[in-house]
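Counting begins at 1 with the first residue of the sequence. Both backbone and side-chain heavy atoms feed into the values below; hydrogens, waters and symmetry mates do not.
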Amino acid sequence: MKIRTIYFKVSDMPKAVSFWRDLLKVEPHKTFDTWHEFMIGNVRLGLLLNDYGDKFSGSNCVPVFEFDDTNVITYIQRAKDLGAKVIKEGLDDPNLRSVVFEDLFGNEFEISKFHD
């Protein structure tokens, strides 16, 4: 068994695609009016347009993106520059080693140093 796809529902597809493309420096490999998908290693990060009018703010899904120590600061700063809100700052905490963010649509994600 494996996780194939994790996706966020978004209300503004161009804005969401721009945020994730600019943060991860990866182009979507599938693009449709209501769905865009990025390959992150062996997992797909999807964006689904909330065209059903669901009322939501964020999700309970929190993807964690791990980077080596030489790149983690670059991605943390990039997330901040793109307007992501810091929820929990814990990069120097040996138990956490990450920063938890909220994207432009209220979805949480984490940028972390590699864990053993």
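- Taking each heavy atom of Leu47 and Tyr7 in turn, the nearest pair found is N-CB, 4.4 Å.
- The backbone N or O of Phe38 sits nowhere less than 3.5 Å from a side-chain atom of Arg44 that would complete a donor-acceptor pair.
- Within a 6.0 Å radius of CG in Asp68, other residues, nucleotides and ligands contribute more than 12 heavy atoms.
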Problem set entry | From CA spacing to verdict: side chain to side chain contact (heavy atoms under 4.5 Å, CB included), Ile40, Leu24 | CA-CA 9 Å; Ile40 311 297; Leu24 300 173; 3.6 Å; yes
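- Heavy atoms only, all atoms of each residue included: Glu108 and Ile87 are closest at OE2-CG2, 4.4 Å.
- Asp69 approaches Arg97 most closely through the heavy-atom pair OD1-NH2, 3.9 Å.
- Judged as a side chain to side chain contact (heavy atoms under 4.5 Å, CB included), and not counting sequence neighbours, the contacts of Lys15 are Asp12, Leu104, Phe105.
- Two residues are said to be in side-chain contact when any heavy atoms from C-beta on lie closer than 4.5 Å; Phe32 and Lys30 meet this criterion.
- In this structure, Glu66 and Glu110 have side chains that are not in contact, with every pair of non-hydrogen atoms separated by 4.5 Å or more.
- Open room surrounds NZ on Lys88; 12 or fewer heavy atoms of other groups in view lie less than 6.0 Å from it.
- Counting all heavy atoms, side chain and backbone alike, Arg21 lies closest to Val26 at CG-O, 3.3 Å.
- Using cut-offs of 30° and 60° on the angle between ring planes, the pair Phe19 and Phe109 is perpendicular.
- Proximity of Glu37 to Trp35: side-chain heavy atoms (C-beta onward) are separated by under 4.5 Å at one or more points.
- Using the six-membered ring where Trp is involved, Trp20 and Phe65 have ring planes that are tilted, between 30° and 60° apart.
- The shortest heavy-atom contact between Gly46 and Thr5 is N-CG2, 4.3 Å.
- Taking the side chain as every heavy atom from C-beta outward, Leu91 and Val72 approach each other to under 4.5 Å.
- Two residues are said to be in side-chain contact when any heavy atoms from C-beta on lie closer than 4.5 Å; Leu49 and Asp33 fail this criterion.
- Nearest heavy atom pair, residue Ser112 against residue Val64, reads CB-CG1, 3.9 Å.
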